[in-house]
Amino acid sequence: MVNRYQPQEFEKKWAEQWKKEKINIFNPDSNKEKYYVLVELPYTSGDLHIGHWFTFTHPDVLSRFKRMNGFNVFFPMGYDAFGLPAENAAIKRKIHPKDWTMKNIETMTKQFQQMGTMIDWDWMTITCLPEYYRWNQWIFLKMYEKGLAFRGKTLSNWCPSCQTVIANENIENGKCWRCGETVVQKDVEQWFLKITDYAEQLIWDDKPKVDWPTSVRTGQNNWIGKKSGINIDYPVKNTEETITCFTTAPVNFGMTFIVVAPEHDLVKKIISGEIKVDSKCKKEIEEYYKKAQEKTEMDRLMEGKKKTGVFTGLYATNRIAGWDVPVWVADFAIGNVGTGAVQGCPGHDYKDFEFAKKFNLPIIRVVVGEDGDQSEIKESRQIIVKGMKGKMVNSKFLNGLEFSEGLEKTMDYAEEKGWGKRVFSYHIRDWSISRQRYWGTPVPVIHCIDCGIVPVPENNLPIELPYEVDFTPHGKPPLATNEKWLNVKCPKCGKPAKRDAETLDTFFDSAWYWFRYLSPQYEKGPFDELRASRLTPVDVYFGGSEHTLGHTLYARFFTKFFQSLKMLNYDEFALKRIQHGIVLGPDGSKMSKSKGNVINPDDVVIEYGSDTARLYLCFMMPYEGTGAWSTQTIAGVNRFLGRIWKIYQEQYQRLNIKDQKEDERLIIKLKKTIKKVTEEISNIKMNTSIAAMMEFLNDFEKSLAPNPYSLTPEHAKQFLQILAPFAPFMTEEIWRNVFGEKESIHLSTWPKVEGEISFDPP
RNA sequence: GUCGGGGUGGCGAAAUGGUAUACGCGCAAGCUUGAGGGGCUUGUGGUCGCAAGACUGUGCAGGUUCAAGUCCUGUCCCCGACACCA
């Protein structure tokens with residue numbers, strides 16, 4: 001009688017035993033080749049859900065596989081522990097954010113350990129502890145020293161619910177990425193990082209030296225938004241003024257007006273009276289300006305694409321085409337996009353067309369080639385000009401050229417004449433890092449009335465976050481409520497001064513954490529540079545696609561900054577990036593408590609055990625995929641493990657039988673399977689690895705009917721080994737208790753298949 | 001609108017240009033069992049046929065090739081990101 005597969009009987013036992021045997025201890029000084037597997041550090045929300053298991057299982061399988069292949073695998077773990085949710089939860093439940101966070105870390109760690117990962121928890125790094133954030137402060141000061149951290153007053157994205165500024169990258173559809181509140185514009189003085197200085201370096205070229213998905217590379221490039229174009233100057237008649245318009249496509253022969261944003265200098269000068277305009281126009285402009293000021297950027301968008309605007313009474317000269325155009329103020333032009341002024345070419349641009357239509361401005365469509373042959377127009381959209389006054393010009397200037405060629409020629413011509421200057425424009429803006437909240441890294445500067453901004457001397461770090469503050473939101477930064485902490489002496493002149501009461505964006509924390517993993521207790525710098533030179537870059541970085549424009553971009557920025565400080569000798573921190581999808585609820589929609597479709601890993605472990613959960617998460621879909629949890633498929637995967645269990649219990653408990661002949665075909669099949677699984681795990685295709693093993697099991701079972709010893713124990717052990725990264729508990733149980741091995745299967749050597757496998761088993 | 005990724009059985013999904021649908025789920029029939037929502041065996045793209053088999057088949061329309069799910073051109077649809085960006 002063979003006992004059934006009951007993982008609950010041995011999974012706990014092995015977790016304990018592995019701890020005792022220290023099989024998962026990472027040795028940084030090993031002379032084996034390094035392999036660094038990194039997963040984005042989870043936020044300390046407190047509840048570990050099945051998504052975490054999904055995210056971590058594939059990397060764990062890869063790590064175990066690499067270890068069995070002789071690599072010194074570093075698979076560390078940490079927590080992203082600062083941030084608003086902790087503070088909000090604390091306000092709601094009247095617990096201190098620190099206590100809330102530390103308690104969550106404890107629970108989550110316990111749950112994580114059930115997964116049976118090979119993570120060595122001794123390297124755990126927690127971002128809210130002074131030994132970590134002290135180095136945030138150190139990095140900040142270095143950036144300040146290099147002019148990369150600066151204080152600026154600008155119109156910023158403000159979340160009224162979080163009472164803090166947030167970065168562009170963290171706005172989703174005009175809403176705060178964390179709380180979902182509509183973001184408004186507010187003039188705030190705050191700290192920025194000059195990521196724009198690194199814009200060029202952050203652009204991906206066509207054949208990058210690291211293996212990152214195209215979606216990330218093009219996404220980041222679009223976000224950086226480098227565009228080649230020209231700033232063309234338009235002298236405003238009867239004034240000393242010039243309006244400069246940026247354009248990537250100077251269709252000046254179709255240009256019939258100019259629009260300036262309400263924030264444009266020209267508008268300010270008109271209102272101040274510096275530029276004289278018709279009094280009726282002036283009045284309208286003043287009103288329009290006032291209205292625009294009341295609107296947030298979001299309001300402007302919300303009002304849809306309804307074009308509004310007022311005429312200034314001024315005209316500017318379009319020197320390229322040789323005519324004058326009226327100048328309008330309209331809020332579809334945005335102050336900080338381009339030059340804040342748009343040249344209106346309604347025959348070629350849909351927004352310009354709408355505007356021209358509404359205010360009855362002429363619409364000219366430029367055509368190239370013979371007599372306005374429409375078929376020659378390649379670059380522009382078709383626009384209906386029916387019923388509008390307008391015309392088509394067959395541009396002498398562009399005649400006989402491809403449209404894009406003609407635009408190039410226009411730019412050269414304008415530049416030659418001194419009417420414009422070729423420039424590159426970028427979409428990326430400087431990264432706002434100030435947060436008017438409590439639970440974050442204090443900005444290490446002191447504000448002195450006499451000396452201004454004084455950086456905290458390096459040996460005074462860390463500036464510890466005080467425990468006692470009033471962190472309920474009331475418009476004033478919470479840190480400013482602790483007077484004792486706030487008031488200090490100026491390090492320069494010794495007079496009374498105040499600390500900066502803001503904290504750093506948590507994306508700052510996560511922009512370099514994988515370096516800290518290398519030496520979490522290191523005292524001489526943010527990380528041990530010698531160790532970094534040996535153990536980094538990261539070989540594979542696993543994470544979510546939501547970090548394409550935020551986290552991974554910042555992380556690349558910081559890496560390049562460290563390189564500039566000569567702390568590193570490379571500029572891309574991860575050789576490969578893989579982004580996971582989402583495990584949906586059994587009903588096919590996103591898991592949420594309110595829908596009641598949440599799969600709790602603890603329940604799955606009770607029902608099927610960790611191995612089945614791991615195997616299922618690897619088998620259900622590719623890592624990049626998004627799909628629903630299936631209670632039926634997981635049962636099928638459980639059956640697969642049960643069948644293996646049964647065979648090994650039945651066949652290999654009695655090892656004394658000789659005179660049996662191995663099944664040649666099965667051995668070839670085994671070799672093929674080993675080869676396939678080896679390749680598939682290397683490519684992080686866990687679903688097809690498992691499929692290959694299932695195929696083998698089918699053949700194995702069939703072969704047993706005529707020949708109960710179709711595989712020798714040696715070969716049977718090989719199959720167990722290739723299954724081990726997926727099902728670490730069951731394979732260990734069989735390895736040791738059926739085959740009587742003394743050392744863990746996870747420290748055994750991955751079976752090698754030499755040469756070609758010629759024979760095709762039927 | 002722009003940019004990225006995709007459309008393959010009832011479902012999740014496989015296929016270095018070379019037998020399309022591996023593997024799993026589901027379903028059907030049979031066996032096992034005191035019983036079974038358990039275990040095992042077989043079958044399972046569609047149409048026609050008792051059958052052997054024939055035809056057809058990877059969103060749609062063309063093309064390249066001895067050979068196309070895969071390469072090329074056009075087109076439709078879905079998902080994701082960005083977006084009054086000039």
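Quick note on labels: first sequence line is chain A, next is B, and so on, each numbered from 1.
Pairing for B/U70 is absent, judged as Watson-Crick or G-U wobble with the two contacts each under 3.5 Å. Under the Watson-Crick or G-U wobble criterion, with both distances below 3.5 Å, B/A15 has no partner in any strand shown. Pair assignment for B/U47 gives B/A54, based on Watson-Crick or G-U wobble hydrogen-bonding distances that are each under 3.5 Å. With both pairing distances under 3.5 Å, B/G37 is matched to nothing as a Watson-Crick or G-U wobble pair. In this structure, B/G10 and B/C25 make a Watson-Crick or G-U wobble pair, each of the two defining distances being under 3.5 angstrom. As the counterpart of B/U65, no nucleotide is assigned, since no Watson-Crick or G-U wobble pattern has both distances under 3.5 Å. Partner assigned to B/C3 is B/G80, using Watson-Crick or G-U wobble distances below 3.5 angstrom.
Across the C1' atoms, B/G9 and B/A20 are found 11 Å apart, a figure rounded to whole Å. To the nearest whole angstrom, the two C1' atoms, one in B/G62 and one in B/A68, are 14 Å apart. Across the C1' atoms, B/U73 and B/A81 are found 27 Å apart, a figure rounded to whole Å. When the C1' atom is used for both B/U65 and B/C84, the distance is 48 Å, rounded to whole Å. Between B/C48 and B/G34, the two P atoms lie 43 Å apart (nearest whole Å). Between B/U70 and B/G80, the two C1' atoms lie 24 Å apart (nearest whole Å). Nucleotides B/U33 and B/C40 have their C1' atoms positioned 12 Å apart, rounded to a whole Å. Taking atom C1' in both B/C66 and B/U2, the straight-line distance is 42 Å, to the nearest Å.
Distances from the side chain of A/Asp331 to the nucleotides B/C84, B/A81, B/A22 place B/C84 closest. The side chain of A/Ala691 sits closest to B/C23 out of B/C23, B/C3, B/G26. Out of B/A81, B/A13, B/A15, the shortest distance to the side chain of A/Leu549 is found at B/A81. Listed nucleotides: B/C85, B/C25, B/G4. Nearest to the side chain of A/Ser215: B/G4. Side-chain proximity of A/Thr214 to the nucleotides B/G26, B/A86, B/G4 is greatest for B/G4. Checking B/A86, B/C85, B/A14 against every side-chain atom of A/Thr248, the shortest atom distance belongs to B/A86. Each of B/A83, B/G26, B/A13 was ranked by its minimum atom distance to the side chain of A/Trp223; first place goes to B/A83. You'll find that the side chain of A/Ile334 is closest to B/C84, out of B/C84, B/G24, B/C25. Of the candidates B/C25, B/C23, B/C3, B/C23 carries the atom nearest the A/Glu695 side chain, counting heavy atoms from C-beta on. Among the nucleotides B/G24, B/C3, B/A86, the one closest to any side-chain atom of A/Asn222 is B/C3.
Electrostatic pairing of A/Arg4 and A/Glu9 does not count as a salt bridge here, judged by no charged N lying under 4.0 Å from a carboxylate O. A salt bridge between A/Lys685 and A/Glu679 is absent, with no side-chain N of the basic residue lying under 4.0 Å from a carboxylate O of the acidic one. A/Lys421 and A/Asp233 are not joined by a salt bridge, as no carboxylate oxygen comes within less than 4.0 angstrom of a charged side-chain nitrogen.
Applying the side-chain contact (heavy atoms from CB on, under 4.5 Å) test between A/Thr731 and each of A/Asp611, A/Ile722, A/Leu720, A/Leu641 identifies A/Leu720 as the sole match. For the pairing with A/His58, the ring pair (Phe, Tyr, Trp, His ring centres under 6.0 Å) check across A/Trp53, A/Phe542, A/Tyr623, A/Phe726 returns one residue only, A/Tyr623.
Nucleotides of RNA chain B nearest to A/Gln632 and A/Val337 differ in position, and the one nearer the 5' end is that of A/Gln632.
Between A/Phe696 atom CZ and B/C23 atom P the separation is 15 Å, expressed in whole Å. Rounded to an integer number of Å, the gap from A/Asp352 CG to B/C84 P is 15 Å. Whole-Å rounding puts the A/Arg4 CZ to B/C40 P distance at 11 Å. Look at CE on A/Met621: it is 16 Å from C1' on B/G6, rounded to the nearest Å.
Residue contacts shown for A/Asn221 are absent, as no nucleic acid heavy atom lies under 4.0 Å away. Nucleic acid contact class of A/Pro213 (heavy atoms, under 4.0 Å, all strands): none. Within 4.0 Å of A/Gly627, counting heavy atoms only, lies no atom of the nucleic acid at all.
Annotated as syn: B/G9, whose O4'-C1'-N torsion sits within 90° of 0.
Contact between the side-chain N/O atoms of A/Asn687 and the OP1/OP2 oxygens of B/C23 is not found at any separation under 4.0 Å. At B/C85, one or more side-chain N or O atoms of A/Lys351 fall inside 4.0 Å of OP1 or OP2 (strictly under the cut-off). Between A/Arg639 and the phosphate of B/C25, there is a side-chain N or O to OP1/OP2 separation shorter than 4.0 Å. Contact annotation: A/Lys676 side-chain N/O to B/A15 OP1/OP2 distance is not under 4.0 Å.
Judged purely by distance below 3.5 Å, without hydrogens or angles, the side chains of A/Tyr288 and A/Thr308 pair a donor atom with an acceptor atom. In this model, no donor atom of one side chain and acceptor atom of the other lie less than 3.5 Å apart for A/His551 and A/Glu40. Side-chain contact of A/Ser589 with A/Asn597: a donor-acceptor pair under 3.5 Å is present, judged by distance alone.
Side-chain atoms of A/Lys227 stay outside donor-acceptor range of the base of B/C85, with no qualifying N/O pair under 3.5 Å.
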